[in-house]
Amino acid sequence: MLDPEKYLDEVEFAENLEPRCACVLVLDTSGSMKGERIKKLNEGYRAFLTTLKKDKLAKLRVELCIVACGGGLKLIQDFTTIDRMSSQPFVSNGDTPMGEAITSAVAKVTERKKVYRANGIRFYRPWVFLITDGEPTDDWKPAAKLIHEQEQNQHLSFFAVGVEGANMNILNQISV
(Lines give C-alpha, C1' and ligand atoms only; values in the text may rest on other atoms or scores of the structure.)
Protein backbone atom coordinates (compact mmCIF):
# COMPACT_ATOMS: atom_id res chain seq x y z
CA MET A 1 0.00 0.00 0.00
CA LEU A 2 1.20 3.52 -0.80
CA ASP A 3 2.31 5.53 2.25
CA PRO A 4 0.83 9.03 1.65
CA GLU A 5 3.43 10.73 3.88
CA LYS A 6 6.34 9.15 2.02
CA TYR A 7 4.73 9.87 -1.34
CA LEU A 8 4.22 13.56 -0.47
CA ASP A 9 7.86 13.81 0.65
CA GLU A 10 9.08 12.25 -2.59
CA VAL A 11 6.95 14.59 -4.72
CA GLU A 12 8.07 17.61 -2.69
CA PHE A 13 11.72 16.59 -2.92
CA ALA A 14 11.47 16.00 -6.69
CA GLU A 15 9.94 19.44 -7.24
CA ASN A 16 12.22 21.30 -4.85
CA LEU A 17 15.89 20.31 -4.73
CA GLU A 18 16.89 23.04 -2.26
CA PRO A 19 18.71 21.88 0.87
CA ARG A 20 16.40 21.74 3.87
CA CYS A 21 16.48 23.05 7.40
CA ALA A 22 14.31 21.02 9.76
CA CYS A 23 12.95 23.19 12.56
CA VAL A 24 11.01 21.92 15.57
CA LEU A 25 9.11 24.31 17.80
CA VAL A 26 8.59 22.90 21.28
CA LEU A 27 5.82 25.07 22.69
CA ASP A 28 4.82 25.15 26.33
CA THR A 29 1.03 25.28 26.27
CA SER A 30 0.59 24.26 29.91
CA GLY A 31 -1.71 25.86 32.45
CA SER A 32 1.10 28.07 33.76
CA MET A 33 1.19 29.77 30.33
CA LYS A 34 -2.38 31.07 30.67
CA GLY A 35 -3.32 34.68 30.10
CA GLU A 36 -0.72 37.07 28.73
CA ARG A 37 1.91 34.36 28.29
CA ILE A 38 -0.12 32.21 25.86
CA LYS A 39 -1.24 35.38 24.10
CA LYS A 40 2.41 36.37 23.55
CA LEU A 41 3.32 32.83 22.45
CA ASN A 42 0.54 32.95 19.84
CA GLU A 43 1.64 36.42 18.66
CA GLY A 44 5.25 35.25 18.40
CA TYR A 45 4.26 32.13 16.47
CA ARG A 46 2.19 34.14 13.98
CA ALA A 47 5.05 36.66 13.53
CA PHE A 48 7.51 33.79 13.00
CA LEU A 49 5.29 32.25 10.30
CA THR A 50 4.68 35.61 8.63
CA THR A 51 8.40 36.35 8.49
CA LEU A 52 9.26 32.95 7.02
CA LYS A 53 6.42 33.12 4.49
CA LYS A 54 7.78 36.43 3.17
CA ASP A 55 11.26 34.98 2.64
CA LYS A 56 11.44 33.21 -0.74
CA LEU A 57 14.41 31.03 0.24
CA ALA A 58 12.99 30.11 3.66
CA LYS A 59 9.76 29.00 1.98
CA LEU A 60 11.78 26.50 -0.03
CA ARG A 61 14.15 25.33 2.70
CA VAL A 62 12.54 25.47 6.15
CA GLU A 63 10.38 22.53 7.19
CA LEU A 64 8.53 23.07 10.43
CA CYS A 65 7.28 20.62 13.07
CA ILE A 66 5.40 21.63 16.22
CA VAL A 67 5.41 19.69 19.48
CA ALA A 68 3.31 21.08 22.34
CA CYS A 69 3.63 20.22 26.00
CA GLY A 70 0.52 21.18 27.90
CA GLY A 71 -1.78 18.60 29.41
CA GLY A 72 0.46 15.93 27.90
CA LEU A 73 2.62 15.75 24.82
CA LYS A 74 0.98 16.59 21.47
CA LEU A 75 2.33 16.55 17.94
CA ILE A 76 0.52 19.58 16.55
CA GLN A 77 2.13 19.44 13.12
CA ASP A 78 4.63 17.01 11.62
CA PHE A 79 7.30 18.37 9.28
CA THR A 80 5.89 20.40 6.44
CA THR A 81 6.81 23.45 4.43
CA ILE A 82 5.98 26.91 5.72
CA ASP A 83 3.23 27.53 3.16
CA ARG A 84 1.28 24.55 4.56
CA MET A 85 1.41 25.72 8.18
CA SER A 86 -1.69 27.09 9.88
CA SER A 87 -1.68 29.83 12.46
CA GLN A 88 -4.33 28.33 14.72
CA PRO A 89 -4.11 29.70 18.26
CA PHE A 90 -2.64 27.58 21.03
CA VAL A 91 -4.58 27.15 24.28
CA SER A 92 -3.02 26.67 27.69
CA ASN A 93 -3.95 23.76 29.95
CA GLY A 94 -2.52 20.99 32.08
CA ASP A 95 0.98 20.04 33.13
CA THR A 96 4.32 20.61 31.38
CA PRO A 97 6.08 17.40 30.27
CA MET A 98 9.01 19.47 28.96
CA GLY A 99 11.62 16.74 29.21
CA GLU A 100 9.42 14.38 27.19
CA ALA A 101 8.70 17.12 24.63
CA ILE A 102 12.40 17.91 24.14
CA THR A 103 13.23 14.22 23.76
CA SER A 104 10.40 13.88 21.23
CA ALA A 105 11.73 16.88 19.26
CA VAL A 106 15.19 15.32 19.05
CA ALA A 107 13.62 12.06 17.81
CA LYS A 108 11.62 13.98 15.17
CA VAL A 109 14.81 15.70 13.93
CA THR A 110 16.70 12.40 13.80
CA GLU A 111 13.85 10.79 11.86
CA ARG A 112 13.64 13.71 9.42
CA LYS A 113 17.37 13.62 8.69
CA LYS A 114 16.96 9.93 7.75
CA VAL A 115 14.21 10.91 5.29
CA TYR A 116 16.46 13.57 3.76
CA ARG A 117 19.34 11.10 3.37
CA ALA A 118 17.08 8.44 1.86
CA ASN A 119 15.89 10.93 -0.74
CA GLY A 120 19.30 12.46 -1.49
CA ILE A 121 18.32 15.84 -0.04
CA ARG A 122 21.08 17.98 1.43
CA PHE A 123 20.26 19.64 4.73
CA TYR A 124 21.51 22.18 7.24
CA ARG A 125 21.92 21.50 10.93
CA PRO A 126 18.35 21.29 12.31
CA TRP A 127 17.03 23.80 14.81
CA VAL A 128 14.98 23.09 17.92
CA PHE A 129 13.32 26.04 19.65
CA LEU A 130 11.82 25.69 23.11
CA ILE A 131 9.43 28.47 24.13
CA THR A 132 8.38 28.18 27.77
CA ASP A 133 8.06 29.66 31.22
CA GLY A 134 10.70 27.14 32.31
CA GLU A 135 8.60 25.19 34.80
CA PRO A 136 8.62 21.51 33.75
CA THR A 137 6.51 18.98 35.63
CA ASP A 138 8.56 15.95 34.55
CA ASP A 139 12.20 14.94 34.85
CA TRP A 140 13.88 17.31 32.38
CA LYS A 141 17.51 16.49 33.27
CA PRO A 142 17.88 13.51 30.85
CA ALA A 143 16.55 15.77 28.07
CA ALA A 144 19.08 18.45 29.02
CA LYS A 145 21.86 15.86 28.81
CA LEU A 146 20.55 14.76 25.39
CA ILE A 147 20.55 18.37 24.14
CA HIS A 148 24.13 18.88 25.33
CA GLU A 149 25.23 15.69 23.52
CA GLN A 150 23.36 16.63 20.33
CA GLU A 151 24.85 20.13 20.35
CA GLN A 152 28.36 18.86 21.09
CA ASN A 153 28.14 16.41 18.17
CA GLN A 154 26.67 19.14 15.93
CA HIS A 155 23.52 17.13 15.26
CA LEU A 156 21.27 20.12 15.95
CA SER A 157 21.16 23.65 17.33
CA PHE A 158 18.97 24.20 20.38
CA PHE A 159 17.51 27.54 21.45
CA ALA A 160 15.57 28.08 24.68
CA VAL A 161 13.30 31.12 24.77
CA GLY A 162 11.81 32.14 28.09
CA VAL A 163 8.59 34.11 28.26
CA GLU A 164 8.41 37.00 30.71
CA GLY A 165 9.01 35.71 34.23
CA ALA A 166 10.48 32.40 33.02
CA ASN A 167 12.64 30.23 35.26
CA MET A 168 15.90 31.04 33.49
CA ASN A 169 17.87 28.83 35.90
CA ILE A 170 16.30 25.70 34.42
CA LEU A 171 16.51 27.00 30.84
CA ASN A 172 20.22 27.76 31.29
CA GLN A 173 20.78 24.17 32.44
CA ILE A 174 18.99 22.78 29.37
CA SER A 175 20.70 25.06 26.86
CA VAL A 176 24.33 24.91 25.86
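Owing to the predicted nature of the structure, the values given are computational and were not obtained by experimental measurement.
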Would you mind writing out the side-chain donor-acceptor pairs for residues 96-103 within the sub-3.5 Å range, not counting sequence neighbours?
| from | atom 1 | to | atom 2 | distance (Å) |
| --- | --- | --- | --- | --- |
| Thr96 | OG1 | Ser30 | OG | 2.8 |
| Thr103 | OG1 | Gly99 | O | 3.0 |

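- Note on Val67: it does not cluster hydrophobically with Trp127, by side-chain heavy-atom contacts below 4.5 Å among ILVMFWY residues.
- Note that OG1 of Thr81 and CD of Glu18 are 13.0 Å apart. Values are rounded to the nearest 0.5 Å.
- The salt bridge (Lys or Arg N to Asp or Glu O under 4.0 Å) contacts involving residues 22-51 comprise Glu36-Lys40, Arg37-Asp133, Lys40-Glu43, where partners must be two or more places apart or lie in separate chains.
- Cluster membership for Val128 and Ile170, using ILVMFWY side-chain heavy atoms within less than 4.5 angstrom, is shared.
- Between atom CE of residue Met33 and atom CG of residue Asn42 there is a gap of 9.0 Å, rounded to the nearest 0.5 Å.
- Annotation: side-chain contact (heavy atoms from CB on, under 4.5 Å) contacts of Ala58 (sequence neighbours excluded): Leu52, Asp55, Val62.
- In this structure, the side chains of Leu64 and Leu49 come closer than 4.5 Å at one or more pairs of heavy atoms.
- Between Trp140 atom CH2 and Cys69 atom SG the span is 14.0 Å, to the nearest 0.5 Å.
- With values rounded to the nearest 0.5 angstrom, Cys23 atom SG is found 7.5 Å from Ile82 atom CD1.
- Distance check, rounded to the nearest 0.5 Å: OG1 of Thr132 to CD1 of Ile174 gives 7.5 Å.
- Here Asn167 pairs with Glu135 under the side chain to side chain donor-acceptor pair (under 3.5 Å) rule; sequence neighbours left out.
- For Leu17, there are no side-chain contact (heavy atoms from CB on, under 4.5 Å) partners, not counting sequence neighbours.
- With sequence neighbours left out, Ala22 forms a side-chain contact (heavy atoms from CB on, under 4.5 Å) with Phe79, Arg112, Tyr116, Pro126.
- Residue Asp95 comes nearest to Gly72 through the heavy atom pair OD1-N, 3.2 Å, listed as atom of the first residue, atom of the second, then distance.
- In this structure, Val91 and Ile38 have side chains that are not in contact, with every pair of non-hydrogen atoms separated by 4.5 Å or more.
- Remark: Asp138 pairs with no residue by the side chain to side chain donor-acceptor pair (under 3.5 Å) rule, at least two apart or across chains.
- Linking ILVMFWY residues whenever their side-chain heavy atoms come closer than 4.5 Å, directly or via other members, places Met168 and Ile147 in the same cluster.
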Expected list for residues 150-166: side-chain donor-acceptor pairs under 3.5 angstrom, two or more places apart:
| from | atom 1 | to | atom 2 | distance (Å) |
| --- | --- | --- | --- | --- |
| Glu151 | OE2 | Phe158 | N | 2.6 |
| Asn153 | ND2 | Glu149 | O | 3.1 |

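- Applying the side-chain contact (heavy atoms from CB on, under 4.5 Å) rule to Pro19 yields the partners Arg61, Arg122, Tyr124; only residues at least two apart in sequence or on another chain are considered.
- When the ring-ring contact (aromatic ring centres under 6.0 Å, His included) test is applied to Tyr45, the partners found at least two apart in sequence or on another chain are Phe90.
- Take Lys113 and apply the side chain to side chain donor-acceptor pair (under 3.5 Å) test, not counting sequence neighbours, and it matches no residue.
- Separation of atoms CD (Gln77) and CG (Leu75) is listed at 7.5 Å; rounding is to 0.5 Å.
- No path of Ile, Leu, Val, Met, Phe, Trp and Tyr side chains, each step under 4.5 Å between heavy atoms, connects Leu146 with Leu25, placing them in separate hydrophobic clusters.
- Salt-bridge check for Glu111 with Lys108: passed, with a basic side-chain N closer than 4.0 Å to an acidic carboxylate O.
- Linking ILVMFWY residues whenever their side-chain heavy atoms come closer than 4.5 Å, directly or via other members, leaves Ile131 and Leu171 in distinct clusters.
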